[in-house]
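Following: one structure in structure tokens, then a few remarks.
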Amino acid sequence: MAIAYPHFFGSEKAKNLKPSLMVTPTPSPVILSQDELKKIAAYKAVEFVESGMVLGLGTGSTAKHAIDRIAELLRIGQLKNIVGIPTSSITHEQAVSLGIPLSDLNAHPILDLAIDGADEVDPQMNLVKGRGGSLLREKMVEAASKKFIVIVDESKLVSHLGGTGLAMPVEIVPFCWEFTLRRLEMLFIEAGCVGKLRVVGESGEPYVSDNGNYIIDLYFKSDIGDLKEASDAILRLAGVVEHGMFLDMATTVIVAGKLGVFVTNK
């Protein structure tokens, strides 16, 4: 269940978070589309980018807007000497097409800033990511970043992870994937967990990540409880590569919605 973003900042659970900027809500006769809200959040995030930075470039429809904006600022000379670290082959292709200089974690093990979207954000700024299939590389890059800015529209805010009823992805090795799926379901049997292999096309072929792995999408009927315990339990299963819970990683969340843009820092 999504929650209205002013409550995200003001909820009891989020009282330890510090809103650094709250754009004054003003009634507008213009109804913005979800993609327009994503673009607003993305452009706000790019305001944090400075010349000379090594940047983690996220993946997905919201991150795409941020990458477009970075390329535009490079083109007109407002940004210089930027190096991007892409989180997927799709992002790599976009950045190359826009002329953004790229490198990797081998050459730049510490990044100044990463900008990416999220599928869900809870009041403690924990995230679900990876419904686009890039969770492993996203987590590697964003965990190596000094600052991680998350950009979302208000529909992505939830009272607890899994609250939308949509998928929480887990990347697994292809070997005996059904066995791993059943073990994942058993971990969260009390939450009514159902796991599904992600497939593509009419033929139902397994989706294959950039890393050559499969993805199991977990669906929960109720709250899974302590997120750290859930994370540890998933990662202890042989065959699991990574999961889509990004816990205590975001340093800033930017939310765009019909009432304005809110920026919150940890």
Side-chain angles (χ1 to χ4, degrees), residues 2 38 41-42 56-67 85-94 105 114-122 124-145 148-153 155-158 160-174 177 180-181 183-185 187-188 191 193-200 205-220 224 227-228 230-237 239-250 253:
K38 291 178 179 181
L57 304 178
T59 297
S61 57
T62 310
K64 181 179 182 298
H65 289 305
I67 296 167
I85 312 295
T87 54
S88 67
S89 59
I90 291 175
T91 295
H92 183 279
E93 291 168 6
Q94 180 194 2
L105 291 174
I115 299 174
D116 206 353
D119 301 307
E120 294 181 4
V121 182
D122 78 4
Q124 289 75 44
M125 294 168 61
N126 296 312
L127 319 171
V128 168
K129 290 178 50 57
R131 290 179 188 155
S134 302
L135 61 146
L136 176 58
R137 296 191 186 186
E138 287 174 337
K139 189 171 284 190
M140 290 177 68
V141 169
E142 288 149 14
S145 301
F148 174 26
I149 298 178
V150 177
I151 45 178
V152 294
D153 67 89
S155 71
K156 303 299 171 56
L157 302 180
V158 296
H160 62 275
L161 296 191
T164 61
L166 300 177
M168 199 280 282
V170 180
E171 187 161 343
I172 67 168
V173 297
W177 65 265
T180 307
L181 185 156
R183 295 191 74 193
L184 285 166
E185 287 181 328
L187 282 180
F188 304 105
C193 178
V194 174
K196 296 181 180 179
L197 178 70
R198 187 176 298 186
V199 297
V200 293
E205 290 295 312
Y207 171 89
V208 179
S209 74
D210 285 342
N211 317 298
N213 297 317
Y214 289 176
I215 289 181
I216 300 297
D217 288 318
L218 300 181
Y219 300 86
F220 305 102
I224 62 174
L227 297 178
K228 181 65 166 58
S231 169
D232 291 345
I234 293 172
L235 294 175
R236 279 196 298 266
L237 292 182
V240 167
V241 178
E242 190 52 84
H243 60 70
M245 289 186 289
F246 285 50
L247 307 180
D248 198 29
M249 289 180 60
V253 173

* Start with the C-alpha gap between Thr59 and Thr87, add the side-chain angles, then the distance that decides, and say whether side-chain hydrogen bond (donor to acceptor under 3.5 Å, both in side chains) holds. => CA-CA 6 Å; Thr59 297; Thr87 54; 2.7 Å; yes
* Check against salt bridge (charged side-chain N to carboxylate O under 4.0 Å, His left out), Lys196 and Asp217 -> CA-CA 5 Å; Lys196 296 181 180 179; Asp217 288 318; over 6 Å; no
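A distance-only check finds no donor-acceptor pair linking the side chain of Lys129 to the backbone of Pro169 [under 3.5 Å]. Judged purely by atom type and a 3.5 angstrom limit, Ser209 uses its side chain to pair as donor or acceptor with the backbone of Asn213. Side-chain atoms of Arg137 come within 3.5 Å of backbone atoms of Asp210 as a donor-acceptor pair (strictly under, hydrogens ignored). Between the side chain of Glu185 and the backbone N or O of Gly195 there is at least one donor-acceptor pair closer than 3.5 Å. Side chain of Lys139 to backbone of His243: a donor-acceptor contact under 3.5 angstrom is found. Under a 3.5 Å cut-off, the side chain of Glu120 and the backbone N or O of Gly162 do form a donor-acceptor pair.
Atom CE of Met140 is separated from atom OG of Ser145 by 12.0 Å, given to the nearest 0.5 angstrom. To the nearest 0.5 Å, atom CD1 of residue Ile67 and atom OG1 of residue Thr62 are 11.0 Å apart. Considering CZ of Phe246 and CD of Glu142, their distance stands at 5.5 Å, rounded to 0.5 Å. Here the straight-line distance linking atom CG of Leu184 with atom SG of Cys193 works out to 7.0 Å at 0.5 Å rounding. For the atom pair Thr180 OG1 and Ile172 CD1, the distance stands at 4.5 Å (nearest 0.5 Å). Here the straight-line distance linking atom CG of Leu57 with atom OG1 of Thr91 works out to 7.0 Å at 0.5 Å rounding.
No side-chain heavy atom of Val170 sits under 4.5 Å from any side-chain heavy atom of Leu237. Residues Asp119 and Thr164 form no side-chain contact, since every pair of their non-hydrogen atoms from C-beta on lies 4.5 Å or further apart. Counting heavy atoms from C-beta outward, Lys156 and Lys38 have side chains that approach closer than 4.5 Å. Side-chain contact between Leu227 and Leu161 is present, with heavy atoms from C-beta onward closer than 4.5 Å.
Nearest heavy-atom pair, Ala41 versus Val152, reported as atom, atom and distance to 0.1 Å: CB-O, 3.8 Å.
For CD1 of Ile90, the number of neighbouring non-hydrogen atoms (other residues, nucleotides, ligands) closer than 6.0 Å is 12 at most.
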